[in-house]
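Excluded from the calculations below are hydrogen atoms, water molecules and symmetry mates; all remaining heavy atoms, backbone and side chain alike, are included. In the text below, chain A, chain B and the rest are named by the order of the sequence lines, each starting its count at 1.
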Amino acid sequence: MKDTKSKKAAAADAKAQKKAEKEKAIEKKLAAKKDKEMKKQKKDKKKNAADPNQPKRPATAFFVFLEEYRKTFKDKHPNIKGVAAVGKAGGDAWKRLTEEEKKPYHDKAAQKKADYEKTLTEYKKKQEEDAKNEKENGKDDDEEMQSEEEEEEDDE
DNA sequence: GACGTGATTGTTGCC
DNA sequence: GGCAACAATCACGTC
């Protein structure tokens, strides 16, 4: 009797686990979808207010690894061209790496991060200076802007 | 021709 | 602290 009971319990557990996994996968998919939608909206905004001089985020250790992995993946699977497949395979391979194997990638990422911080500091400094200059010249510019706007209105 | 999509993990930056 | 956004990649599809 105990056996059937424990078997039932085990089956129920397995079922519950499967359900949880399924729900997790669905959740992940939804999150990805949401992420993409948000990205799209952000991109629209970016078109208006993007600053091309702003330093880009540094590559993480995973991205450093992925860069290398893409090359080997291409060699192994020259017929697979989509980036999605490489990303998936790369993520899988990354998880299988030991901490020791990941170390050189973390080192490279740390270097990139240091570079990024340096560039970012310079960028922020420049922005502050620009803001100061704008404030100082603001009055003159206002007058110029006004006349420019009037000209634009005339064009329409 | 220009632009969006897909798929991944780690890190950043904001609230 | 938690969570959203973003970093690279490029063939392919859509408009």
Side-chain angles (χ1 to χ4, degrees), chain A residues 10 12-139 141-142 145 148-149 151-156:
Chain A
D13 269 358
K15 213 175 176 183
Q17 207 177 345
K18 244 188 180 177
K19 201 181 169 187
E21 273 173 18
K22 213 175 178 183
E23 276 174 2
K24 227 180 181 180
I26 290 170
E27 221 170 79
K28 216 177 175 184
K29 264 191 182 177
L30 280 176
K33 204 176 174 186
K34 203 178 168 187
D35 192 32
K36 256 159 212 168
E37 276 170 11
M38 296 289 276
K39 259 188 192 175
K40 207 178 169 186
Q41 283 176 3
K42 277 264 167 178
K43 254 187 187 172
D44 288 344
K45 271 188 191 174
K46 247 189 175 180
K47 272 183 189 174
N48 298 327
D51 186 352
N53 293 325
Q54 188 170 7
K56 284 189 176 177
R57 286 172 148 217
T60 64
F62 170 67
F63 265 59
V64 176
F65 162 76
L66 202 59
E67 217 166 289
E68 215 168 90
Y69 185 78
R70 273 189 205 109
K71 285 172 195 166
T72 47
F73 188 87
K74 260 188 183 177
D75 283 345
K76 278 189 181 176
H77 311 279
N79 50 334
I80 298 178
K81 289 167 182 174
V83 292
V86 189
K88 212 172 184 179
D92 206 36
W94 177 254
K95 279 177 187 169
R96 277 186 217 161
L97 288 187
T98 62
E99 286 304 311
E100 211 170 306
E101 285 170 323
K102 284 180 186 175
K103 206 186 168 232
Y105 302 111
H106 280 296
D107 284 347
K108 271 188 192 175
Q111 208 173 345
K112 279 175 189 277
K113 192 183 159 189
D115 277 349
Y116 169 73
E117 276 169 0
K118 208 174 167 185
T119 324
L120 192 67
T121 316
E122 279 172 17
Y123 169 76
K124 279 183 179 172
K125 225 178 182 179
K126 208 175 176 187
Q127 269 205 326
E128 273 175 25
E129 274 174 22
D130 282 351
K132 248 187 194 176
N133 285 339
E134 251 181 57
K135 239 184 185 179
E136 280 172 12
N137 302 327
K139 279 182 185 175
D141 284 351
D142 278 352
M145 287 283 280
E148 271 177 27
E149 274 172 18
E151 274 176 32
E152 271 177 26
E153 273 174 21
D154 288 347
D155 288 346
E156 285 173 6

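Separating the CD atom of E67(A) from the P atom of dA7(B) is a distance of 21 Å, rounded to the nearest angstrom. For the pair R70(A) CZ and dA7(B) P, the computed distance is 15 Å after rounding to whole Å. Atom C1' of nucleotide dT9(B) and atom CD of E101(A) are separated by 17 Å, given to the nearest angstrom. Following rounding to the nearest Å, F65(A) (CZ) and dA7(B) (P) show an atom-to-atom distance of 19 Å. In this structure, the OH atom of Y105(A) is 19 Å from the P atom of dA8(C), given to the nearest Å. The distance from atom NZ of K108(A) to atom C1' of dA7(C) is 17 Å, rounded to the nearest whole Å.
Summarising the local packing, CD of Q127(A) is surrounded by more than 12 heavy atoms from other residues, nucleotides or ligands at distances under 6.0 Å. The number of heavy atoms from other shown groups lying within 6.0 Å of NZ (K102(A)) is above 12.
We find the CD-NZ distance between E68(A) and K108(A) to be 5.5 Å, quoted to the nearest 0.5 Å. Distance check: T60(A) OG1 to K113(A) NZ gives 11.5 Å after rounding to the nearest 0.5 Å.
Between D92(A) and the options R96(A), K95(A), K88(A), a side chain to side chain donor-acceptor pair (under 3.5 Å) holds for only R96(A).
Annotation: side chain of L120(A) is in contact with side chain of K124(A) (closest heavy-atom distance under 4.5 Å). Between I80(A) and F73(A) the shortest side-chain heavy-atom distance falls below 4.5 Å.
Taking every heavy atom of both residues into account, Y123(A) and P55(A) meet most closely at CG-CD, 3.6 Å.
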Report summary line: Letter by letter from the 5' end, nucleotides 10-15 of chain B scores (B base, S sugar-phosphate only, - none; protein heavy atoms under 4.0 Å) BBBS--
Query - Per-nucleotide protein contact string for nucleotides 10-15 of chain C (B base, S sugar-phosphate only, - none; heavy atom under 4.0 Å) - result: BSS---
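In terms of phosphate contacts, K56(A) brings no side-chain nitrogen or oxygen within less than 4.0 Å of OP1 or OP2 of dC6(C).
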